[in-house]
Structure formats: C-alpha cells, structure tokens
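Excluded from the calculations below are hydrogen atoms, water molecules and symmetry mates; all remaining heavy atoms, backbone and side chain alike, are included.
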Amino acid sequence: MLLENYKAVRRNIDEACARAGRNPENVTLIAVSKTKPEENIEELYRAGVRDFGENYIQELRQKHDDLPKDIHWHMIGHLQRNKVKYIAEYVTMIHAVDTYELAQTIEKEAVKHNRRIPILIEVNVAEEDTKFGVSCEEAPELVKRIAETLPHVIVSGLMTSAPFVQNPEDNRPVFRKLRQLSVDINNENTDNENVEMKTLSMGMTNDYIVAVEEGATLVRVGTAIFGARDYSHKQ
Ligand SMILES: *Cc1c(COP(=O)(O)O)cnc(C)c1O
C-alpha cells in the first residue's frame with residue numbers, strides 16, 4: 001500500500017517533468033515520515049527508497065539509531081541551535097536555515113565531525129506571519145554572509161513551504177518566484193565555491209506537481225505516501 005502510494009507520487013512527478021521538459025532524474029522525492037512508525041520506513045527502504053524527511057530531533061535520532069545507516073535523512077523542520085549537535089554527524093541536508101546564528105552553529109558542529117554540511121535557506125516567499133524563513137529581499141545577503149564566512153556549510157539552494165491553498169495553481173507564482181530568486185543568487189555568487197544553488201526544495205502533498213513543473217529538485221511529500229498524521233501522542 002505505502003509502496004503503491006509512493007510509486008503513484010513518483011509517476012506524477014515523472015509526468016510533470018515530461019510536461020515541463022525536465023529530466024526526472026533531477027527531482028528527488030523525499031518521503032516525509034514524521035510521526036510515522038519505523039516499519040513504514042522499512043517497507044519503503046526494502047523497495048529501494050533512501051530519502052526520508054523528519055521534523056523532530058528526538059524522533060529523527062531514534063529512527064537513525066534503529067534503521068539502516070545508508071538512509072539519507074533530511075531535517076526539513078525548524079531547527080533549534082542547541083539541537084544541531086544531535087544530527088550533525090549524519091544528516092544529509094538541513095532544509096530550513098533562516099538565521100546566520102543557526103548556520104554558525106551548524107559550522108561548529110560540522111567541524112567537530114570533519115565534514116561539510118549542505119543546507120538550504122528557508123524563504124517565506126508569501127510572507128505569511130505564521131511561517132519561519134527570511135524574505136526574498138533578505139535571502140541574498142544571508143547566502144553571501146554564510147558562504148563567505150562558514151566554510152563547512154555548503155549553501156545548496158533554497159527551500160519554501162507554500163501557503164495552504166485549495167487550488168495548487170495558486171502556488172505557482174510562489175514556486176516561480178523562489179526559482180527566479182535562486183537563479184539571481186547563483187549569478188551573484190559565481191566565484192564562490194561554497195554557493196552551489198542547484199537545489200530547490202519545494203512542493204508538498206497538495207502542490208508538488210505544480211512545484212515540479214516550476215523547477216523543484218526536491219519535493220517533500222508525507223500525507224500522499226503515508227496517509228494522514230496523528231499528532232495526539234505528541235507533546
Ligand atoms: C510535514 C511537512 C511536509 C510534508 O507535508 P505533506 O502535506 O504531508 O506532504 C513537507 N515539508 C515540511 C517542511 C513539513 O513540515
């Protein structure tokens with residue numbers, strides 16, 4: 001069942017790529033497994049799925065401890081600075097960096113583990129009060145500052161969570177804007193090897209098809225794969 005859901009999402013992504021003239025290999029589907037049991041992850045893992053997304057540090061640590069070590073763990077949620085140390089050794093990518101201070105902490109922890117950690121800058125494109133992320137205007141400055149001063153942090157691109165809308169078409173301008181911002185920032189940083197700007201993490205269950213049409217390279221899909229989440233046991 002889970003695998004069928006996963007394959008259906010993957011098929012939709014491939015079709016969106018075909019419509020947009022994109023190579024489907026350039027889009028990675030991250031299965032967002034937060035609040036879901038480890039058996040669910042194992043089921044997909046056995047079918048070859050390796051990219052999973054989590055939001056809660058406690059839960060991510062537990063799953064990382066218990067599950068195969070070649071899983072690519074994406075930390076997609078808001079991250080507190082004092083929690084970075086728990087995931088720095090193995091996290092594949094930190095998606096939601098929106099302050100220089102958080103990036104500084106990631107730098108410090110990356111050095112400890114003798115690695116460079118890929119991050120994305122979270123942009124609140126629609127400027128919703130309820131969401132984290134920098135504005136489109138602030139993003140270039142933050143990228144530049146991190147890239148120039150924190151050598152163990154790789155700025156790999158941008159991430160956004162678009163507004164919840166009835167019609168996913170309504171989010172097309174949001175995705176388009178994030179993509180354009182990424183192109184602009186890349187052009188401004190051609191001489192800095194710490195800025196790669198090839199990743200666009202955008203699109204969730206409700207709007208990933210539109211996001212892929214607009215250039216997403218990572219889509220974060222939970223509900224369409226695992227079903228609705230139950231938060232009643234979480235504090
Ligand atoms: C939970 C979550 C998702 C997945 O959302 P669905 O609507 O279930 O696909 C994607 N991105 C972030 C940042 C999330 O917190």
Side-chain angles (χ1 to χ4, degrees), residues 2-3 5-6 9 28-122 131-133 146 150-161 199 201-205 218-235:
L2 288 187
L3 188 56
N5 293 344
Y6 180 91
V9 172
T28 299
L29 169 55
I30 298 174
V32 176
S33 46
K34 65 185 180 207
T35 79
K36 297 296 178 181
E38 293 177 357
E39 302 83 78
N40 284 183
I41 296 174
E42 283 169 323
E43 188 177 335
L44 293 179
Y45 180 89
R46 280 194 296 274
V49 178
R50 291 294 177 272
D51 288 274
F52 292 90
E54 292 283 339
N55 287 51
Y56 310 104
I57 293 294
Q58 197 61 22
E59 185 179 347
L60 172 51
R61 291 175 73 187
Q62 189 68 52
K63 287 174 172 170
H64 172 261
D65 276 356
D66 296 343
L67 294 167
K69 294 298 173 274
D70 61 341
I71 288 180
H72 307 156
W73 293 108
H74 295 259
M75 175 58 196
I76 64 173
H78 181 68
L79 178 58
Q80 290 170 308
R81 294 176 67 188
N82 61 356
K83 304 278 175 67
V84 175
K85 58 175 176 282
Y86 299 121
I87 59 167
E89 189 173 1
Y90 57 82
V91 71
T92 291
M93 185 172 271
I94 297 177
H95 285 233
V97 176
D98 64 354
T99 64
Y100 182 74
E101 290 69 29
L102 174 58
Q104 267 183 316
T105 306
I106 295 169
E107 166 76 19
K108 201 177 79 189
E109 296 299 327
V111 169
K112 277 187 201 163
H113 297 289
N114 194 24
R115 65 179 295 221
R116 301 173 74 222
I117 300 180
I119 67 156
L120 304 175
I121 302 299
E122 181 175 17
K131 291 215 172 114
F132 291 104
I146 293 172
L150 307 177
H152 298 81
V153 172
I154 306 172
V155 184
S156 303
L158 306 176
M159 175 265 201
T160 198
S161 294
T199 303
S201 173
M202 57 188 196
M204 304 169 38
T205 289
L218 295 179
V219 294
R220 313 178 307 267
V221 177
T223 308
I225 297 171
F226 297 102
R229 285 177 291 273
D230 176 6
Y231 285 102
S232 59
H233 301 294
K234 277 219 126 52
Q235 72 280 35

Quick one: does [X]'s side chain get under 4.5 Å of [Y]'s, heavy atoms only?
X	Y	result
Ile87	Trp73	no
Val97	Leu120	no
Phe52	Ile30	no
Asp51	Leu218	no
Thr28	Val219	no
Gln104	Leu150	yes

Once you round to the nearest 0.5 Å, how far does [atom1] of [X] lie from [atom2] of [Y]?
X	Y	atom1	atom2	value
Thr160	Phe132	OG1	CZ	13.5 Å
Ile121	His95	CD1	NE2	12.5 Å
Asn55	Arg229	CG	CZ	7.5 Å
Ile117	Ser156	CD1	OG	11.0 Å
Met75	Ile119	CE	CD1	13.5 Å
Ile94	Glu122	CD1	CD	13.0 Å

Residue pairs, two or more places apart or on separate chains, that pass salt bridge (Lys or Arg N to Asp or Glu O under 4.0 Å) and touch residues 69-82: Arg50-Asp70
Selection residues 95-115 - residue pairs positive for salt bridge (Lys or Arg N to Asp or Glu O under 4.0 Å), sequence neighbours left out: Glu109-Lys112
Testing the basics here: between [X] and [Y], what is the closest heavy-atom pair and its distance to 0.1 Å?
X	Y	value
Ala224	Thr205	N-OG1, 3.1 Å
Ile225	Asn5	O-ND2, 2.9 Å
Ala228	Lys36	O-NZ, 2.6 Å
Ile146	Ala103	CD1-CB, 3.6 Å

Donor + acceptor pair across side chains of His74, Thr92 (<3.5 Å): no
Donor on one side chain, acceptor on other, Arg220 and Ser161, under 3.5 Å: yes
Centroid-centroid under 6.0 Å between Tyr90 and His64 rings: yes
List, one per line, each side-chain donor-acceptor pair under 3.5 Å for residues 37-44, sequence neighbours excluded.
none

Full working for side chain to side chain contact (heavy atoms under 4.5 Å, CB included) between Leu67 and Tyr45: CA-CA 9 Å; Leu67 294 167; Tyr45 180 89; over 6 Å; no
Plane angle bin for Tyr56 and Tyr231 - parallel if under 30°, tilted between 30 and 60°, otherwise perpendicular: perpendicular
Glu54 and Lys63 ion-paired at < 4.0 Å: yes
